[in-house]
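Read through the structure below, which is laid out as structure tokens, and then see the notes.
Hydrogens, waters and symmetry mates play no part in the numbers below; they use all other heavy atoms, side chains included. Keep in mind that what you see is a predicted model, and the values were worked out from it rather than measured. In this chain, numbering begins with 1 at the start of the sequence shown.
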Amino acid sequence: MRVVEIPSSLDYRNVDAVFAEAAAAGAEPVLFDARRLRWIDPNGMLALLCAGQVASANGAAARLSLPAGGDVVGYLDRMGFPAAAASVFQGSPRRAVRTPSRASDVLLEITSIATNSDVHDVVDRVQSRAGAILSRTLRYPLAAVVQFSVILSEVCQNIVEHADGPGWVAAQRYNWTRRLGRQVLVIAVSDVGRGFRDSLAEEHAERFGDRWGDVTALEAAFLMGLTRFPDTGRGQGIQQIRKQVARWQGLVSIRSGTARIADSPSWHPSPPVVDGLPRFPGAQINLVLPERIDD
């Protein structure tokens, strides 16, 4: 059995090592040992689910060990992680999702996305909570609730359009006092489907020739607005997400295949493109929306 040690803190900054271990396991059984876990964000949770799916797709029996108790276990329960994990990991108990109260920091529990109706259900479910978090906590104008709903719909629609399989979405508000001095909303979307390169290949690979790969595909979608549709005007969601998140001085990054592309604000300096990452057979979208501050 291959044991994958999960670090004590798991978020969008260090999930790549988990994917590398999962992909390297081959067909041998894999145990994701997260007993030392003390902190995890939505990206970390979805990364564990995706890593389990990758291991299972290789013919392995994937198992997950979580801490016996503590704050992180209660947090995972509130986010609906046990119910999602039961569909991925062998021997994981399925526990009911706890519906957060109005005052909860959880905007959206881990939710499976496979069809267009799932996307509509997600948007409908978060309307009231999104209004409270965006306007009262992040100090966005009331009109931002509608704009946020569009963003949420588009990132979820990406799973339906490109993945050829189910994925997950989750969102949570955090107080980044030490890291940023502000509150933020973190939104994570992940799937282990075709990824951007394969999804766009039929329509665009020929025009790029030998340059076609994970980086080129991400740049085509992220920077040029190219989509898998031959007709102009369809599938412009990523472009709209970039523009709106930039207005809010937020962060948006997409990880697919062996590459990551990002629009990074001044408070989060990072390279716009990274290549040579451990292969991830799908897509991850990470959005961080910071609290609005006066000019």
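Classification of the Y140-W248 ring pair by plane angle, with boundaries at 30° and 60°, yields tilted. Classified by interplanar angle (parallel below 30°, tilted 30° to 60°, perpendicular above 60°), the ring pair F32/F89 is perpendicular. Using bins of under 30°, 30° to 60° and over 60° for the plane-to-plane angle, the ring pair W39/Y174 lands in the perpendicular bin.
Closest non-hydrogen pair, Q157 versus V119, comes out as OE1-CG2, 3.9 Å. Among all heavy-atom pairs drawn from Q284 and A47, the shortest one is NE2-CB, 4.5 Å. Across all their heavy atoms, V192 and V54 have their closest contact at CG1-CG2, 4.0 Å. Listed here is the closest heavy atom pair of L251 and V245: N-CG1, 3.7 Å. Of all the heavy atoms in N158 and A283, the pair that sits closest is ND2-CB, 4.4 Å. Nearest heavy-atom pair across V73 and A68 is CG2-C, 4.5 Å.
At least one side-chain heavy atom of S256 sits less than 4.5 Å from a side-chain heavy atom of L218. Considering only heavy atoms from C-beta on, D214 stays 4.5 Å or farther from F280 through its side chain. R35 has its side chain out of reach of L66: every pair of non-hydrogen atoms, C-beta onward, lies at least 4.5 Å apart. F196 places none of its side-chain heavy atoms less than 4.5 Å from the side chain of E219. Taking 4.5 Å as the limit, every side-chain heavy atom of V4 sits out of range of all side-chain heavy atoms of L31. Side-chain contact between L185 and V288 is absent, with no heavy atoms from C-beta onward closer than 4.5 Å. Two residues are said to be in side-chain contact when any heavy atoms from C-beta on lie closer than 4.5 Å; W176 and V186 meet this criterion. Proximity of M79 to M45: side-chain heavy atoms (C-beta onward) are separated by under 4.5 Å at one or more points.
Linking Ile, Leu, Val, Met, Phe, Trp and Tyr residues whenever their side-chain heavy atoms come within less than 4.5 Å places I110 and Y75 in a single cluster. Hydrophobic clustering places V160 together with L287 (ILVMFWY residues linked when any side-chain heavy atoms are closer than 4.5 Å, directly or through intermediates). When the side chains of ILVMFWY residues are joined at heavy-atom separations under 4.5 Å, either directly or via intervening members, V155 and V145 end up in a single hydrophobic cluster. Taken together through direct or relayed side-chain contacts under 4.5 Å among Ile, Leu, Val, Met, Phe, Trp and Tyr, V18 and V274 form parts of separate hydrophobic clusters. Under the 4.5 Å side-chain heavy-atom criterion for grouping Ile, Leu, Val, Met, Phe, Trp and Tyr, V123 is not connected to I151 through any hydrophobic cluster.
Looking at S149 and Q127, their side chains do bring a donor and an acceptor atom within 3.5 Å of each other. Counted by atom type alone, N43 and D11 present zero donor-acceptor pairs between their side chains at under 3.5 Å. When only modelled atom types and interatomic distance are considered, S65 and D33 share no side-chain donor-acceptor pair under 3.5 Å. No side-chain donor-acceptor contact under 3.5 Å links D191 and Q53.
Between D16 and R255 there is a salt bridge, since at least one side-chain N of the basic residue sits less than 4.0 Å from a carboxylate O of the acidic one. The existence of a salt bridge linking E109 and R78 is excluded, since no basic side-chain nitrogen approaches an acidic carboxylate oxygen closer than 4.0 Å. A salt bridge does not link E202 to R194: none of the charged side-chain nitrogens sits closer than 4.0 Å to a carboxylate oxygen.
Here the CD-CD1 distance, from Q172 to I133, works out to 7.5 Å after rounding to the nearest 0.5 Å. The line from CZ of R13 to CG of N286 is 10.5 Å long, rounded to the nearest 0.5 Å. Here I40 contributes atom CD1 and I6 contributes atom CD1; the two are 8.0 Å apart, rounded to the nearest 0.5 Å. Note that the CG atom of L37 and the CG atom of L76 stand 6.5 Å from one another [nearest 0.5 Å]. To the nearest 0.5 angstrom, I241 atom CD1 is 6.5 Å from I238 atom CD1. The distance from atom CD1 of I254 to atom CD1 of I285, rounded to the nearest 0.5 Å, is 4.5 Å.
Listed for the S87 side chain is a donor-acceptor partner under 3.5 Å among the backbone atoms of A84. Looking at W168, its side chain never comes within 3.5 Å of a backbone N or O of C50 through a donor-acceptor pair. Between the D198 side chain and the G195 main chain, no donor and acceptor come within less than 3.5 Å of each other. Although no hydrogens or angles enter the test, the distance criterion places no donor-acceptor pair under 3.5 Å between the side chain of T258 and the main chain of P278. Although no hydrogens or angles enter the test, the distance criterion places a donor-acceptor pair under 3.5 Å between the side chain of T216 and the main chain of R211.
Counted within 6.0 Å of CG on D124, heavy atoms from surrounding residues, nucleotides or ligands total more than 12; the atom is thus considered enclosed.
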What's the verdict on salt bridge (charged side-chain N to carboxylate O under 4.0 Å, His left out) for R260 and D275, showing C-alpha distance, side-chain angles and the deciding distance? CA-CA 7 Å; R260 177 185 293 111; D275 196 8; over 6 Å; no
Side chain to side chain contact (heavy atoms under 4.5 Å, CB included) evaluation trace for L152 with V169: CA-CA 9 Å; L152 185 62; V169 58; 4.2 Å; yes
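Within the cation-pi definition used here (under 6.0 Å to the ring centroid, within 45° of the axis), R242 qualifies as a partner of F222.
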